[in-house]
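Right, one structure below, let's go through it.
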Amino acid sequence: MLGVVVTETLYVTHPDLSEGRLAKLRAAVVNARALAEVGRTIGLGEYVKLGRGEEATGGRNKASILSDTVEAVIGAIHQSGGGIVTSAEVVHRLFDPLIEAASAMGAGLDWKTSLQELTAEHALGVPEYLIEDDGPDHMKTFTARVRVGEEIYGNGIGRSKKEAEQACAETAYGEIMRALTVTVGVSDAASGAEPAVGTD
């Protein structure tokens with residue numbers, strides 16, 4: 001239900017975008033992290049029935065629990081007689097702000113994909129993520145860096161590997177863009193040409 005409503009909304013509001021760009025937008029809105037943020041926004045964690053173990057380890061704010069619960073609530077609304085019209089209204093109310101924000105994110109829509117596109121464009125090599133973890137199984141923290149060619153870039157920390165990789169890709173993207181800007185600027189200065197790459 002969530003996927004259908006978000007997909008239709010994106011297609012209707014952004015008819016000029018390519019299929020690939022629309023797919024990125026959808027992935028930015030329909031994912032566990034985004035669903036968990038919606039759950040936090042409406043205070044859903046306060047109403048979840050948890051076992052003592054989850055309660056003791058901060059389960060009410062855990063992304064996996066919140067995202068699953070948001071999906072369950074949408075499903076319950078759909079199945080309880082509200083049908084597609086009512087459940088679509090709920091999805092719009094909860095997710096339209098996320099759709100709007102995602103549409104304005106540019107490279108930040110998916111930092112890992114944007115980094116891969118950047119490195120491919122400049123023939124730098126395929127990004128390879130290096131992950132370390134710390135802490136007990138129920139409270140792990142992941143740290144990520146990324147190897148591109150012979151260089152190590154970025155520094156990302158998260159509660160999951162995916163979160164750490166995205167954070168790492170964001171910092172690596174900035175580092176590589178700055179390096180490319182300097183390289184192009186120096187090359188152009190030596191040849192007397194105007195720099196071709198800006199920082200915006």
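Heavy atoms of other residues, nucleotides or ligands lying less than 6.0 angstrom from CD1 of I131 number more than 12.
Following chains of ILVMFWY side-chain contacts shorter than 4.5 Å, one can reach I42 starting from I99, so the two form part of one hydrophobic cluster. Taken together through direct or relayed side-chain contacts under 4.5 Å among Ile, Leu, Val, Met, Phe, Trp and Tyr, L94 and I84 form part of one hydrophobic cluster. Grouping the Ile, Leu, Val, Met, Phe, Trp and Tyr side chains by contacts below 4.5 angstrom, directly or via other members, places F95 apart from V4. Grouping the Ile, Leu, Val, Met, Phe, Trp and Tyr side chains by contacts below 4.5 angstrom, directly or via other members, places Y129 apart from V126. Linking Ile, Leu, Val, Met, Phe, Trp and Tyr whenever their side-chain heavy atoms come within less than 4.5 Å puts V85 and V91 in one cluster.
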In a table with atom names and distances, give each donor-acceptor pair under 3.5 Å that connects a side chain of residues 66-73 to protein atoms at least two apart or in another chain.
residue	atom	partner	partner atom	Å
S67	OG	A63	O	3.0
S67	OG	S64	O	3.1
T69	OG1	I65	O	2.7

Can you give the donor-acceptor pairs under 3.5 Å from side chains of residues 51-59 to other protein atoms, not counting sequence neighbours?
residue	atom	partner	partner atom	Å
E54	OE1	K62	NZ	2.9
E55	OE1	R60	NE	3.3
E55	OE1	R60	NH2	2.8
E55	OE2	R60	NE	2.9
T57	OG1	G53	O	3.0
T57	OG1	E54	O	3.4

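Every residue two or more places apart in sequence or in another chain that forms a salt bridge (charged side-chain N to carboxylate O under 4.0 Å, His left out) with K140 is listed here: D133, D137. Contacts of E117 classified as salt bridge (charged side-chain N to carboxylate O under 4.0 Å, His left out), with partners at least two apart in sequence or in another chain: K24. Applying the salt bridge (charged side-chain N to carboxylate O under 4.0 Å, His left out) rule to R26 yields no partners; only residues at least two apart in sequence or on another chain are considered. Judged as a salt bridge (charged side-chain N to carboxylate O under 4.0 Å, His left out), and not counting sequence neighbours, E175 has no contacts. Qualifying side-chain hydrogen bond (donor to acceptor under 3.5 Å, both in side chains) partners for T143, counting only residues two or more places apart in sequence or in other chains: none.
Of all the heavy atoms in V29 and L35, the pair that sits closest is O-CD1, 3.9 Å. Here the closest non-hydrogen pair linking I176 and V148 is CD1-CG2, 4.3 Å. Shortest non-hydrogen contact noted between A34 and A28 is CB-O, 3.7 Å. Among all heavy-atom pairs drawn from A144 and A164, the shortest one is CB-O, 3.6 Å. When every heavy atom of C168 is checked against every heavy atom of V146, the shortest pair comes out as SG-N, 3.5 Å.
Within the model, atoms NE2 of H14 and CG of L25 stand 6.0 Å from one another, a figure rounded to the nearest 0.5 Å. Interatomic distance, L118 CG to L124 CG, rounded to the nearest 0.5 Å: 6.5 Å. The distance from atom CG of L130 to atom OH of Y153, rounded to the nearest 0.5 Å, is 13.0 Å. Interatomic distance, I74 CD1 to L2 CG, rounded to the nearest 0.5 Å: 5.0 Å. The CD atom of Q166 lies 11.0 Å from the OG1 atom of T171; values are rounded to the nearest 0.5 Å.
Cluster partners of I157: none. The rule joins Ile, Leu, Val, Met, Phe, Trp and Tyr whenever side-chain heavy atoms lie under 4.5 Å apart, and it links nothing here.
Residue pairs that meet the salt bridge (Lys or Arg N to Asp or Glu O under 4.0 Å) test with at least one member in residues 154-170, sequence neighbours left out, are K112-E165. Legend: side chain to side chain donor-acceptor pair (under 3.5 Å) pairs involving residues 79-88, not counting sequence neighbours, sorted by first then second residue: H78-S87. Residue pairs meeting the side chain to side chain donor-acceptor pair (under 3.5 Å) criterion with at least one partner in residues 31-50, sequence neighbours excluded, are E37-R40, R40-N61. Within the structure, salt bridge (Lys or Arg N to Asp or Glu O under 4.0 Å) contacts touching residues 141-155 (residues at least two apart or in different chains) are E128-R147.
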